[in-house]
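What you see is a predicted model, and the numbers here were worked out from it, not measured in a lab.
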Amino acid sequence: MKKNFLLAFAIVLITSISSAQIKDSIVKKTVAIPKNYIAQLDVVYTKVKDWEGKADLYLALNETKPTPIIINIHGGGWKTGSKDTQGGFSPFFKAGFAVANMEYRMSDQAKAPAAIEDTRCMLVYLIQNAKKFNIDPNKIIIMGGSAGGHLALMGGLLGNDHRFDTNCKGTENIKVAAIIDKYGIMDVWDWTYGPDHKSSSPAFWLGDNAKNEAFIKTVSPITYVTKNSPPIFIVHGDADPTVPYHQSVDLYKKLQELGVKSEFFTVPGGLHGKFDKDKNTEINEAMLKFIASLAPFK
């Protein structure tokens with residue numbers, strides 16, 4: 001009886017820890033930047049009541065023309081994770097990209113579609129401040145892994161559908177040059193209730209809408225794929241135990257059927273990210289080659 005009580009108490013204690021408390025315990029990853037770059041950390045790109053959405057901007061200095069930029073979105077099932085754990089931007093710096101490494105509201109702070117709203121606000125902020133940061137609004141790449149991959153897909157696929165832009169009005173023409181989707185969720189209903197469902201994250205993020213199929217459709221990237229969708233580069237391990245591999249297979253199939261420029265990089269035996277160094281190098285090379293093939297970058 002005593003052991004059961006202690007176990008129950010431990011579970012309650014663990015689940016009561018907020019994302020803010022978890023964030024406070026995270027050791028910030030140091031991002032090494034080239035000499036011709038400058039870091040602007042914790043730039044506030046949006047505010048919602050008492051919450052400030054922050055991003056770390058890594059900008060190229062002394063460029064004679066506006067630079068392309070990559071928006072990076074961390075994963076964590078919309079309930080954990082932090083921009084401060086992110087790194088690996090060197091390949092993009094070498095290719096002349098600026099980077100915006102963003103945070104967004106966790107599901108214990110605000111339920112769906114809050115994280116999507118924040119992602120859209122990041123896009124709007126960069127477009128509105130393109131001259132200030134010397135970035136090219138026609139060369140914005142949006143990238144994320146896992147839940148961050150879902151948000152990258154949503155942010156880019158929505159285009160000029162402004163349904164989630166309530167917090168960041170004033171920009172009519174929102175577009176991205178490409179989306180980088182790393183083992184992201186493209187069908188939230190399937191991930192929540194499908195045969196391969198293994199995570200409690202989606203139901204927690206959806207909150208009161210966890211059984212609302214119509215709402216869940218509105219926060220699923222597959223809903224917004226059309227023949228006019230931006231180019232998409234997909235990465236997924238075929239042994240992923242968290243986000244089913246078929247999510248990316250189904251997305252790629254639809255993109256190909258509609259004639260959307262896309263590439264699918266399968267990692268044989270790959271789990272949920274955490275690929276080895278050589279494989280990550282191979283992925284980055286393929287990713288940059290894909291981006292270089294796009295019209296805005298030729």
For this session: Could you walk me through whether Lys83 and Asp56 pass salt bridge (charged side-chain N to carboxylate O under 4.0 Å, His left out), step by step?
Result: CA-CA 8 Å; Lys83 67 178 176 61; Asp56 295 337; 3.1 Å; yes
For this session: Let me see the working for Glu282 and Lys279 under salt bridge (charged side-chain N to carboxylate O under 4.0 Å, His left out), right down to the final yes or no.
Result: CA-CA 5 Å; Glu282 188 180 349; Lys279 186 57 65 176; 3.1 Å; yes
For this session: With side chain to side chain contact (heavy atoms under 4.5 Å, CB included) as the test, would you mind laying out the steps for Leu158 and Ile116 before giving the verdict?
Result: CA-CA 10 Å; Leu158 279 163; Ile116 299 170; 4.1 Å; yes
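Considering all non-hydrogen atoms of both residues, Asn284 and Pro91 come closest at ND2-CG, 3.7 Å. Of all non-hydrogen atoms in Ile69 and Val99, the two that sit nearest each other are CG1-N, 4.0 Å. In terms of heavy-atom proximity, Gln109 sits nearest to Tyr104 at OE1-O, 4.3 Å. Nearest heavy-atom pair, Leu153 versus Ile185, reported as atom, atom and distance to 0.1 Å: CD1-O, 4.2 Å. Closest approach of Gly149 to Asp181, counting heavy atoms only: CA-OD1, 3.8 Å.
For residues 120-131, the pairs satisfying salt bridge (charged side-chain N to carboxylate O under 4.0 Å, His left out) are Arg120-Asp165, with sequence neighbours left out. The stretch residues 117-213 participates, sequence neighbours left out, in these disulfide bond (SG atoms under 2.5 Å apart) pairs: Cys121-Cys168.
Atom CG of Asn160 sits in a crowded spot, with more than 12 heavy atoms from other residues, nucleotides or ligands closer than 6.0 Å.
The pair Glu52-Lys47 meets the salt-bridge criterion, with a side-chain N (NZ, NE, NH1 or NH2) lying under 4.0 Å from an Asp/Glu carboxylate O. Under 4.0 Å is where a charged nitrogen must lie from a carboxylate oxygen, and between Glu263 and Lys289 no such pair does.
Looking at residues two or more places apart in sequence or on another chain, you find no side-chain hydrogen bond (donor to acceptor under 3.5 Å, both in side chains) involving Asn36.
Hydrophobic clustering of Ile, Leu, Val, Met, Phe, Trp and Tyr side chains at less than 4.5 Å, counting indirect connections, unites Ile222 with Ile216. Clustering ILVMFWY residues whenever any of their side-chain heavy atoms sit less than 4.5 angstrom apart, transitively, puts Ile179 in the very cluster that holds Ile71. One hydrophobic cluster, built from ILVMFWY side chains closer than 4.5 Å, cannot hold both Met154 and Ile141; they sit in different ones.
Between the side chains of Ser262 and Gln256, at least one donor N or O lies within less than 3.5 Å of an accepting N or O. Side chains of Gln128 and Thr171: a donor on one and an acceptor on the other come within 3.5 Å. Between the side chains of Thr85 and His74, no donor-acceptor pair of N or O atoms lies under 3.5 Å.
His236 contributes a side-chain N or O that, together with a main-chain N or O of Val243, makes up a donor-acceptor pair within less than 3.5 Å.
Just one of Asp118, Thr119, Val219 meets the side-chain contact (heavy atoms from CB on, under 4.5 Å) condition when paired with Leu151; it is Thr119. Of the candidates Ile234, Ile232, Val260, Thr266, Tyr252 forms a side-chain contact (heavy atoms from CB on, under 4.5 Å) with just one, namely Ile234.
Tyr45 does not carry Lys54 over the face of its six-membered ring by the limits of under 6.0 Å from the centre and within 45° of the normal.
Between Phe89 and Phe93, the ring-plane angle classifies as perpendicular under the 30° and 60° cut-offs. Note on ring orientation: taking the six-membered ring where Trp is involved, the planes of Tyr125 and Phe133 are tilted (angle from 30° to 60°). The aromatic rings of His150 and Trp205 stand perpendicular to each other, their planes meeting at an angle above 60°, with 30° marking the opposite boundary.
Phe92 and Tyr37 have their aromatic ring centers separated by at least 6.0 angstrom.
Within the model, atoms CD of Gln86 and CG of Asn101 stand 5.5 Å from one another, a figure rounded to the nearest 0.5 Å. Rounding to the nearest 0.5 angstrom, the gap separating the NZ atom in Lys217 from the CH2 atom in Trp189 is 12.5 Å. Rounding to the nearest 0.5 angstrom, the gap separating the CD1 atom in Ile33 from the CG atom in Leu61 is 8.0 Å. With rounding to the nearest 0.5 angstrom, the CE atom of Met143 is 4.0 Å from the CG atom of Asn72.
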